[in-house]
Amino acid sequence: IFLKGAPDIIARLQTALSENNYERIASQAHASKPTFMMMGMHGANDLAKELEITCRSENPQQDIVQRNTTTLIQIVQAGIAELSRQEQPQ
């Protein structure tokens with residue numbers, strides 16, 4: 001399930017980030033938290049929580065949103081790579 005949905009998570013975050021759409025970033029971060037918890041990706045879950053709060057704050061700092069969104073994308077990409085390696089026959 002993660003391998004099928006994760007590319008969409010990445011694409012939505014990248015699009016929202018390129019548009020500086022903090023509400024969409026917050027919404028995607030929020031929607032992704034159950035997936036991260038199900039996969040045991042506690043670091044991604046914590047970062048998603050922080051990103052959601054930052055994006056919905058009164059005056060979000062662009063550099064923090066940029067850095068945290070980019071980091072979250074990298075974590076999801078690493079998760080995809082790891083699961084893809086595990087699925088390959090030995």
Side-chain angles (χ1 to χ4, degrees):
I1 294 172
F2 178 78
L3 286 176
K4 290 184 182 190
D8 289 336
I9 292 171
I10 292 169
R12 286 188 209 108
L13 285 170
Q14 288 173 328
T15 299
L17 186 60
S18 71
E19 296 169 353
N20 288 322
N21 188 330
Y22 296 163
E23 183 53 38
R24 283 185 58 202
I25 293 170
S27 293
Q28 183 58 53
H30 178 79
S32 301
K33 291 187 297 186
T35 300
F36 298 149
M37 288 304 295
M38 179 183 69
M39 295 301 298
M41 298 173 71
H42 302 290
N45 187 64
D46 292 345
L47 187 56
K49 285 180 192 177
E50 182 180 330
L51 190 55
E52 182 182 3
I53 291 167
T54 300
C55 285
R56 291 191 170 140
S57 68
E58 191 170 312
N59 189 16
Q61 294 182 350
Q62 185 175 5
D63 61 328
I64 293 172
V65 173
Q66 174 81 33
R67 181 177 58 244
N68 287 349
T69 305
T70 300
T71 301
L72 186 57
I73 289 167
Q74 291 169 342
I75 291 169
V76 174
Q77 289 170 330
I80 292 169
E82 178 64 26
L83 286 173
S84 295
R85 279 193 296 275
Q86 290 177 10
E87 285 193 345
Q88 292 178 353
Q90 300 294 325

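Quick caveat: nothing in here was measured; it's all calculated off a predicted structure.
Clustering of Ile, Leu, Val, Met, Phe, Trp and Tyr by side-chain heavy atoms under 4.5 Å joins L72 with F2, L3, I9, I10, L13, L17, Y22, I25, F36, M38, M39, M41, L47, L51, V65, I73, I75, V76, I80, L83. When hydrophobic side chains of Ile, Leu, Val, Met, Phe, Trp and Tyr are connected at separations under 4.5 Å, I53 ends up as a singleton with no cluster partners.
Identified under the salt bridge (Lys or Arg N to Asp or Glu O under 4.0 Å) test for residues 60-77, with sequence neighbours left out: none. Sorted by first then second residue, the salt bridge (Lys or Arg N to Asp or Glu O under 4.0 Å) pairs that include residues 69-83, not counting sequence neighbours, are E82-R85. Pairs passing the side chain to side chain donor-acceptor pair (under 3.5 Å) check and including a residue from residues 4-18, sequence neighbours excluded, read R12-Q28. The side chain to side chain donor-acceptor pair (under 3.5 Å) contacts involving residues 36-53 comprise H30-E52, K33-E52, E50-N68, E52-R56, where partners must be two or more places apart or lie in separate chains.
For the residue pair P60 and C55, the shortest heavy atom distance occurs at CG-O, 3.6 Å. Residues I64 and Q61 share a closest heavy-atom pair of CD1-OE1, 2.8 Å.
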